[in-house]
Every structure is written in C-alpha cells, then in structure tokens.
Amino acid sequence: MASNPPKLKIEITSNERLKTLKEQFEARFGESPLFYACAPGRVNLIGEHIDYCGYSVLPMAIEQNILAAVSVNSLGTIQLANTNPQYQDFKVPCSEEIVIDREDPKWYYYFLCGVKGIQVRCVGGLCCGFMKQSLNILQFCILICFSILQERFGIARLAGMSCVVDGTIPPSSGLSSSSALVCCSGLLTMEANHKSLSKVALAEICAKSERYIGTEGGGMDQSISFLAEKGTAKLIEFQPLRATDVKLPEGAVFVISNCCVEMNKAASSHYNIRVVECRIATKMLAQARGLDPRGLLKLSQVQTELKASLEEMLVLVDEVLHPELYSREEICKVLDITSEQLCTELLSANTQHGG
Ligand code: ADP
Ligand code: MG
C-alpha cells in the first residue's frame, strides 16, 4: 500500500501504441521522450456516488488508460499536445501561477490539475484531519498559516515539460477519463521534478487536485487509478485511504456497454448538485439529532458520531428529510444559517444559483 508507483523498462518496438506515440512525440517536439507515464480508467462495481459521503466503494481498473510521453525541457514551459486532434495544443511558462478555468474546462486544465497538485502538494486532507478535533482560534490560525506555507513551498519552480497525451478511455462516459488524466499528469510531474511519493499520497493529492476544475469528487477514481492491481477489484475505504483486494470470481467477465451519451461533469452542475445535496442532508440529520453540524460535511461522519447502523440511518433519513424539493429559504431556516453562509459554506461554485 505505501509503495511507490512502479517504474518499468519496456521495449518500445514491442508495443505498437508506444511506438506510434514516440513517433508523434518526435514529430511534434523534435526529440525523443525521456519517459512515459500511464494511469488507468475504472469501472465501479458497488457504491455509486457515495465516496464523497465518506463511504467505501468497490471499483476495479480497466485496460483503457491515459498514456503520456514526456521529456524535460530547458525552455521553462509546459507544452502539451494530444494524439486526438479534438484536443488542442497548449503551452504555459513554468514561471506563471497555474490558473485553472472552471468556466471553460478544456482538456489541458485537467492536466494542469495534476501539475498543480504536485506543485503545491494539496494539504486539504491534513486540514480535515485536524478540523475533526476541536480547535481553538489560535490553533486554527496556525493550521491555516501552515497550509498556506505548504501551498507556497511545494515545488518553487517546476521543471519545463513537453508531453504528448494519448487516451483510450471514452471521455465523459463514466469510466473516469478525467481522473486518469489528472493522475497521469500528477505522476509525470512528480517524475519530471525528481520527487518521490507513495501511491497512496499520489492518490490523495490527485483526488484533491481534480477539484481545481470544479468537480467535488470523493476520491474513488484517483485511488483506484493508483492502487489497482491486476486480477482483483479493490475495496477502497477512506480516512485513512486504504485498498483491500476483492478477488473476482474465477472466469468472470465484465461487460461495460456505452450508451454514447456523454456527460461532461465539470461543464455542468449535475455532479456537484448531488454532492451538495448530500452535504446539506448531513447538516440536517446532524442538527435533528442534536449534533454540532460544524465540522460535519459527510453522511458517514454523522453515522459515526451517532454510532448508528446503516438501517438506523435509513430510518433517520425518513424521519428527518422530506422527499419534496427544499427551497433555499427552508434550508437556511432548518439549519439556522444565512443565505450567504449557504453559498460560501455549503454550495459549490457551480451550484450557487440553483433553486
Ligand atoms: P469521465 O466520466 O470520463 O471522467 P468527465 O466529464 O469527468 O468524464 O471528464 C471528461 C473530460 O476529460 C473531457 O472533456 C476531456 O477534457 C478530458 N479527457 C478525457 N480523455 C481525454 C484524452 N484522451 N485527452 C485529453 N483529455 C481527455
Ligand atoms: Mg470524471
């Protein structure tokens, strides 16, 4: 579990895809790649939309993946190209702060999520861990300063990189092409900058850094992308992140069909609406049972605090929440918060204007 991603020596000529990618890289950048990085997509077997509620999931990696050919350049720029002409070239100087435009989630912003994650080594997990304990104001300020320092002093100056990305995961089809891209980019950024991180650390960093694009995922996709192993699905549990083998039945074949209807998660609010709904439900359930809702953001945290079984949680949901839509006014009234608090503390950027 705590191991680092493996580095393999592969004969390029024995692999058609690598050979083509190498040629495309050479044609594009006039030199050979220094190394290749690869991260798989995934299919989830059990547990849809519950990772961001803190609950365990059972995904497995698929053979479709994001592969990148990389060289380190002395130009001080990150320059990106893609084997799929639908994804345009991109270039940014390493001296500039990495800016990710959530309003226009182009493919290279996912790539930059991975770069930025490694650069600043996102410390959100650390924050949440500490937040669970009761903090006084001074401790909280120290924690914030520590977080800011970490953000500032990750990698002071990124290495220039030239990359060609080649993906085989159908995009926006629920097989997590976005996370595979973020993970691949995090991995290659780590390697290009001579850093060393365990797979678990990489998974945690990439889970947080994909949120730069705006989707508030729970971490399943990045975890399985780094922690998957051949021949086994993985039970992924959170806080702390861990993965346990779940042997697949002998001879089992999994068929994944594609309805060819795409859903771009970052370009719409559908995904985050569900995340935010679960967050609001968490607060309401906590409030109804006399818990302090501050610091509770995930349904699993309420269950832990109440020492309740899943069945008891279902009863609680039926008792406390009504199936009809909640208005903003009602949410604010029930939670005893202002409309501003609702916006800043509970809603994501792309769910601010929902009814
Ligand atoms: P998914 O369910 O596949 O994760 P998302 O909507 O979250 O769907 O992410 C899809 C986005 O990921 C695409 O719009 C594109 O920006 C990016 N992406 C996926 N595959 C590739 C690829 N091969 N090359 C570049 N970007 C890709
Ligand atoms: Mg995605």
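Each ligand, and each atom within it, is numbered from 1 in the order the structure gives.
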Engineer: Sequence neighbours left out, what pairs pass salt bridge (Lys or Arg N to Asp or Glu O under 4.0 Å) with at least one residue falling in residues 280-289?
Structural biologist: Arg289-Glu319
Engineer: Would you kindly say whether Tyr55 and Glu237 are connected by a side-chain donor-acceptor distance under 3.5 Å?
Structural biologist: no
Engineer: Between the Mg ion (ligand 2) and Ser176, is there an N, O or S atom separated by less than 2.8 Å?
Structural biologist: no
Engineer: Checking Gln287 now: which residues fulfil side chain to side chain donor-acceptor pair (under 3.5 Å) with it, not counting sequence neighbours?
Structural biologist: none
Engineer: Please verify the inter-ring angle class for Tyr271 with Tyr52; under 30° counts as parallel, over 60° as perpendicular, anything in between as tilted.
Structural biologist: perpendicular
Engineer: With no hydrogens and no angle check, just 3.5 Å: does a side-chain donor-acceptor pair link Glu48 and Asn44?
Structural biologist: yes
Engineer: Taking salt bridge (Lys or Arg N to Asp or Glu O under 4.0 Å) as the cut-off, I'd like each qualifying pair that reaches into residues 58-87, sequence neighbours left out, listed once.
Structural biologist: none
Engineer: Between the protein and ligand 1, are there any N or O atom pairs that come within less than 3.5 Å of each other, and if so, what are their names and distances?
Structural biologist:
| unit_1 | atom_1 | unit_2 | atom_2 | d |
| --- | --- | --- | --- | --- |
| ligand 1 | 2 (O) | Gly174 | N | 3.1 |
| ligand 1 | 2 (O) | Lys265 | NZ | 2.7 |
| ligand 1 | 3 (O) | Ser172 | N | 2.9 |
| ligand 1 | 3 (O) | Ser177 | N | 3.0 |
| ligand 1 | 3 (O) | Ser177 | OG | 2.6 |
| ligand 1 | 4 (O) | Ser177 | N | 3.2 |
| ligand 1 | 4 (O) | Ser178 | N | 3.1 |
| ligand 1 | 4 (O) | Ser178 | OG | 3.0 |
| ligand 1 | 6 (O) | Ser172 | OG | 3.1 |
| ligand 1 | 6 (O) | Met263 | O | 3.4 |
| ligand 1 | 6 (O) | Lys265 | N | 2.9 |
| ligand 1 | 7 (O) | Ser178 | OG | 3.1 |
| ligand 1 | 8 (O) | Ser172 | N | 3.2 |
| ligand 1 | 8 (O) | Lys265 | NZ | 3.3 |
| ligand 1 | 14 (O) | Asn264 | ND2 | 3.3 |
| ligand 1 | 24 (N) | Asn82 | ND2 | 2.9 |

